[in-house]
Amino acid sequence: QPQLVESGGGLVQPGGSLRLSCAPSGFRYDDNSIGWFRQAPGKEREAVSCISPKDGSTYYADSVKGRFTIFREYAGNTTYLQMNSLKPEDTAIYYCATDVTPWCAVPWNDSKLYDWWGQGTQVTVSS
């Protein structure tokens, strides 16, 4: 069964950096968009970013603009989320997902429009 697998989470101090990875298992998704979402304890799932392979367009939540970067490595069929200047409020489980189309969903930040999800990776920002 096709699935997405996230990795790269961990514990980091405020101001630090992490790079999350999202790779497919059981299929290739060269033409599928990938979105990143996160969910903190007691809060609703929140959209973080999305990348469309069709034209390379990217989208970011206001809370992460200028700090996070989404990009793809096509050779390895992997999508990354580079997270810099991390803050305690970035602490959450991070998920990647795809709507199985070449474009980010419209609107890109609606999690209900994404069909396949990974299991998530924990990111904790704390001193």
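All figures in this text were calculated on a predicted structure; none of them were measured in a lab.
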Trainee: To the nearest 0.5 Å, how far apart are CD1 in I93 and OG1 in T121?
Mentor: 9.0 Å

Trainee: Find out whether S33 and P102 are in side-chain contact, i.e. whether some heavy atom of one side chain is under 4.5 Å from a heavy atom of the other.
Mentor: no

Trainee: Shortest non-hydrogen contact from A47 to F37?
Mentor: CA-CD2, 3.4 Å

Trainee: Looking at Q39 and K43, would you say the former's side chain and the latter's main chain have a donor-acceptor pair under 3.5 Å?
Mentor: yes

Trainee: Would the distance check show the side chain of E6 and the main-chain N or O of Q119 forming a donor-acceptor pair, the cut-off being under 3.5 Å?
Mentor: yes

Trainee: When rounded to the nearest 0.5 angstrom, what is the spacing between OG in S25 and CD in Q3?
Mentor: 4.5 Å

Trainee: Mind checking who shares a hydrophobic cluster with F71, ILVMFWY linked at side-chain heavy-atom distances under 4.5 Å?
Mentor: Y80

Trainee: Write down the atom of I34, the atom of C96, and the distance for their closest heavy-atom approach.
Mentor: CG2-CB, 4.2 Å

Trainee: Run the side-chain hydrogen bond (donor to acceptor under 3.5 Å, both in side chains) test against Q122 and tell me which residues pass, sequence neighbours left out.
Mentor: T124

Trainee: Rounded to the nearest 0.5 Å, what's the gap from CD on E44 to OG on S111? Could you check?
Mentor: 9.0 Å

Trainee: Report yes or no: do V5 and V48 belong to one cluster of Ile/Leu/Val/Met/Phe/Trp/Tyr joined by side chain heavy-atom distances under 4.5 Å?
Mentor: no

Trainee: With sequence neighbours left out, what residues match D55 under side chain to side chain contact (heavy atoms under 4.5 Å, CB included)?
Mentor: S52, S57, W103

Trainee: How close do C50 and W108 get, counting heavy atoms only, and between which atoms?
Mentor: CB-CE3, 3.7 Å

Trainee: Residues in side chain to side chain contact (heavy atoms under 4.5 Å, CB included) with P107, at least two apart?
Mentor: N109, D110, L113

Trainee: State, with a plain yes or no, whether a side-chain heavy atom of D115 is found less than 4.5 Å away from one of T98.
Mentor: no

Trainee: Look only at the side chain of T91 and the backbone of V125, and say whether a donor-acceptor pair between them is shorter than 3.5 Å.
Mentor: yes

Trainee: Restricting to non-hydrogen atoms, name the atom on T58 and the atom on I51 that form the minimum distance, rounded to 0.1 Å.
Mentor: CG2-CG1, 3.8 Å

Trainee: Within the structure provided, determine whether N77 and P24 are in side-chain contact (heavy-atom separation under 4.5 Å).
Mentor: yes

Trainee: Can you sort out the partners of K65 under side-chain hydrogen bond (donor to acceptor under 3.5 Å, both in side chains), two or more places apart, ordered by chain and number?
Mentor: D62

Trainee: Can you list the residues that meet the ring pair (Phe, Tyr, Trp, His ring centres under 6.0 Å) rule with Y94, with sequence neighbours excluded?
Mentor: none

Trainee: Examine L81 and L4 and state if one hydrophobic cluster contains both, with Ile, Leu, Val, Met, Phe, Trp and Tyr joined whenever side-chain heavy atoms are less than 4.5 Å apart.
Mentor: yes

Trainee: In chain order, what residues pass the ring pair (Phe, Tyr, Trp, His ring centres under 6.0 Å) check against Y60, with sequence neighbours excluded?
Mentor: none

Trainee: For the residue pair R45 and W117, would you count it as a cation-pi contact if the rule is NZ or CZ under 6.0 angstrom from the ring centre and within 45 degrees of the ring axis?
Mentor: yes

Trainee: Under the salt bridge (Lys or Arg N to Asp or Glu O under 4.0 Å) rule, what pairs show up with a residue in residues 87-106, not counting sequence neighbours?
Mentor: R38-D90, R67-D90

Trainee: If the condition is ring pair (Phe, Tyr, Trp, His ring centres under 6.0 Å), which residues does F68 pass it with, not counting sequence neighbours?
Mentor: none

Trainee: Could you list the donor-acceptor pairs under 3.5 angstrom formed between side-chain atoms of residues 14-22 and any protein atom two or more places apart in sequence or on another chain?
Mentor:
| from | atom 1 | to | atom 2 | distance (Å) |
| --- | --- | --- | --- | --- |
| S17 | OG | N84 | OD1 | 2.9 |
| R19 | NE | Q82 | OE1 | 2.7 |
| R19 | NH2 | Q82 | OE1 | 3.2 |

Trainee: Is there a donor-acceptor pair under 3.5 Å between the side chain of Y114 and the backbone N or O of W36?
Mentor: no

